[in-house]
2 protein chains.
Amino acid sequence: MSQLRLPPIQTTARDDAVLEALAGFVQQEALQPGDKLPTERILAERLKVSRNTVREALTRWEGLGLVERLQGSGTFLKAAVSPHMLHMPLTLAGGNDFASLMQTLEVRRALEAEAVSLCAMRTGPQELDLIRRKLETMEEAFHSRAGMSSEEDWEFHQAIYRASGNPLFEQLIAAMHEMFHRFWEHPLGVRNFGHASFPYHRSIYERIAARDAEGARAEALKLIATVEADLRRGEAARNQARQA
Amino acid sequence: MSQLRLPPIQTTARDDAVLEALAGFVQQEALQPGDKLPTERILAERLKVSRNTVREALTRWEGLGLVERLQGSGTFLKAAVSPHMLHMPLTLAGGNDFASLMQTLEVRRALEAEAVSLCAMRTGPQELDLIRRKLETMEEAFHSRAGMSSEEDWEFHQAIYRASGNPLFEQLIAAMHEMFHRFWEHPLGVRNFGHASFPYHRSIYERIAARDAEGARAEALKLIATVEADLRRGEAARNQARQA
DNA sequence: ATCATGCAATTGGTTGGACCATTGATCCAA
DNA sequence: TTGGATCAATGGTCCAACCAATTGCATGAT
């Protein structure tokens, strides 16, 4: 016999209750990102809890990136918050830059392949046109600067994710992108990083335009493979330099 | 010209300093998950900060799932913690409808296929043995209750993600799992949900044990396909009932 | 001796009040 | 108009006490 499953009782959970109330308030007032929330002191007074409890609750929201606290100024909403929203922090154990970068790439490979495939099946003429324009902008930047421009490159990929018809892909890959670039502040000594990935952008676009889902997936996998190769090349160079 | 990039100044950041010190302590003492951390009062005394500040810092770690606080008992380490950890909040918007459930499944399909494939390439004998035990537990529960048990099923999949060698997969799929089940409290009228997925669990395990990455991926895709089919079946039934 | 009961210490959770540090607006003088 | 001084508002920190849950020990009955 299982365990009856009737422990829903929860005498007290002060700060959780505070966050619940605050989420309701935000929704009721239709607060947008950037708007200012009530003062900690006011919240404490209105909710009939200590200011300390309010602070612990806000600390949790701050940790989730939902809110930003500026001393002397106030507390401001940083992201949309609604009851039907899942907030969850991703943790990546650092210590080894190379391994962490490869892990984000493995996830990106999984997501990007699927997103490109879905895009090829679902995208409409408008989204396709936008993707083409982003591609041309990227190619132009590539030729004028003689190298990959991460900004235009990223916008091209984003346009694809948006056209996949599933907003989760864009959010998740954006998280991977951000994690990748946080480790990227010290370039790992790779020259012409991403150079090899250039031609695959156009081939991906062509497969999408041809509504060839599997072809687009294959090209996306090739693109990620070139990035992984660049990363491995840099790591090998670093190891060699360390031994010398 | 870009913006000079010189805002590194950071006069004080008490709770950050507390967490940094605590991370160093954990590493120095080689504390493992499950071990007990010093009392809040002791930390406050040793670090020469207020207990309140210690609490805010621990609240952040609790939000990241790194520690667990038990009133009357103490604060316990819940996950490995290293000084150079990267945290990134992930917020996903979802709705309680058929489309949202399908979107979580699309993401899960992408991630699960890749994770299973990586697992087949990387898993060691110990992890493989754990996966086998989880599989047997699940099969036992299936036969005794004549139906899928989501608890044992989930543990089986988790064992695979852990053996994939990339912790991001477990975290991301856990987010999808949570979103899916948050809206699953009212079964959408599907009887024997997940029943068809049962045989694929064993076939996935066998492909992993055989180090057949592509075969494992194929079986994982079949499994997800059965879940999608169940979902579509339920949606069709709902639409039919609505029209009647 | 063994087990149950209950007291007491430990520990996280909460409260209220005070003060510090930063910010932004207001006011005043050059 | 401009520049600086002042001051109120607001988040950050501190302190001391008490509440609530847990744990362990001691006492006592069996």
Side-chain angles (χ1 to χ4, degrees), chain A residues 6-22 25-26 29 31 33-79 81, chain B residues 6-23 25-26 29 31 33-79 81 89:
Chain A
L6 45 80
I9 193 67
Q10 190 116 9
T11 54
T12 49
R14 284 285 223 260
D15 40 4
D16 275 339
V18 168
L19 287 184
E20 196 172 336
L22 196 51
F25 175 81
V26 168
E29 300 286 309
L31 295 185
D35 287 351
K36 185 177 175 185
L37 287 85
T39 302
E40 293 178 352
R41 292 171 172 86
I42 292 184
L43 286 175
E45 181 191 356
R46 295 286 207 281
L47 299 174
K48 295 296 180 194
V49 295
S50 159
R51 189 185 151 208
N52 242 323
T53 305
V54 171
R55 282 188 58 76
E56 293 224 359
L58 287 177
T59 297
R60 291 234 288 276
W61 267 19
E62 190 183 29
L64 292 173
L66 295 181
V67 112
E68 184 173 17
R69 302 205 278 195
L70 297 178
Q71 185 173 167
S73 181
T75 303
F76 300 85
L77 207 57
K78 204 174 160 190
V81 50
Chain B
L6 45 80
I9 193 66
Q10 191 131 8
T11 54
T12 49
R14 283 284 224 263
D15 39 5
D16 274 340
V18 168
L19 288 185
E20 196 173 335
L22 197 51
F25 175 81
V26 168
E29 301 285 309
L31 294 185
D35 287 351
K36 185 178 174 183
L37 283 78
T39 301
E40 292 179 354
R41 291 171 173 87
I42 291 184
L43 285 175
E45 180 189 358
R46 295 285 206 282
L47 298 174
K48 295 295 182 192
V49 296
S50 157
R51 190 182 153 212
N52 235 320
T53 304
V54 171
R55 282 187 59 77
E56 292 223 0
L58 287 177
T59 298
R60 291 234 287 276
W61 267 18
E62 188 183 30
L64 294 174
L66 297 181
V67 297
E68 183 173 16
R69 295 151 108 177
L70 298 178
Q71 184 173 168
S73 180
T75 303
F76 300 86
L77 207 56
K78 204 173 159 190
V81 51

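In what follows, chains are A, B, ... by sequence order, proteins preceding strands, each numbered from 1.
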Taking side chain as C-beta onward, heavy atoms only, is [X] less than 4.5 Å from [Y]?
{"X": "A:Leu22", "Y": "A:Leu58", "value": "yes"}
{"X": "B:Arg55", "Y": "A:Thr59", "value": "no"}
{"X": "A:Trp61", "Y": "A:Val81", "value": "yes"}
{"X": "A:Leu77", "Y": "A:Val67", "value": "yes"}

If I take atom [atom1] in residue [X] and atom [atom2] in nucleotide [N], what distance separates them, rounded to the nearest angstrom?
{"X": "B:Arg14", "N": "D:dG12", "atom1": "CZ", "atom2": "P", "result": "13 Å"}
{"X": "A:Glu68", "N": "C:dT23", "atom1": "CD", "atom2": "P", "result": "12 Å"}
{"X": "A:Lys36", "N": "C:dA25", "atom1": "NZ", "atom2": "C1'", "result": "12 Å"}
{"X": "A:Asp16", "N": "C:dG13", "atom1": "CG", "atom2": "P", "result": "11 Å"}
{"X": "B:Leu43", "N": "C:dT11", "atom1": "CG", "atom2": "C1'", "result": "12 Å"}
{"X": "A:Asp15", "N": "D:dA20", "atom1": "CG", "atom2": "C1'", "result": "14 Å"}
{"X": "B:Leu77", "N": "C:dG12", "atom1": "CG", "atom2": "P", "result": "14 Å"}
{"X": "A:Leu58", "N": "D:dT13", "atom1": "CG", "atom2": "P", "result": "14 Å"}

Would you say [N] has OP1 or OP2 under 4.0 Å from some side-chain N or O of [X]?
{"X": "B:Arg55", "N": "C:dG12", "result": "no"}
{"X": "A:Ser50", "N": "C:dG16", "result": "no"}
{"X": "A:Thr53", "N": "C:dT15", "result": "yes"}
{"X": "B:Thr39", "N": "C:dT11", "result": "yes"}
{"X": "B:Arg51", "N": "D:dA16", "result": "no"}
{"X": "B:Thr75", "N": "C:dT11", "result": "no"}

Can you check whether any acceptor in the base of D:dG11 is under 3.5 Å from a donor in the side chain of A:Arg41, or vice versa?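 A donor-acceptor contact between them is present.
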Options C:dG13, D:dT22, C:dT23, nucleotide nearest the side-chain atoms of A:Ser73: C:dT23
Per atom distances to the B:Gln71 side chain, the nearest of C:dG13, D:dT13, C:dT23 is C:dG13
Of B:Ile42 and B:Asn52, the one whose nearest nucleotide on DNA chain C sits closer to the 5' end is B:Ile42
Mapping A:Val49 and A:Leu70 onto DNA chain C by nearest heavy atom, which one lands closer to the 5' end? A:Val49
How close do B:Ala79 and B:Pro33 get, counting heavy atoms only, and between which atoms?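 Heavy atoms only, the tightest pair is C-CG, 3.9 Å.
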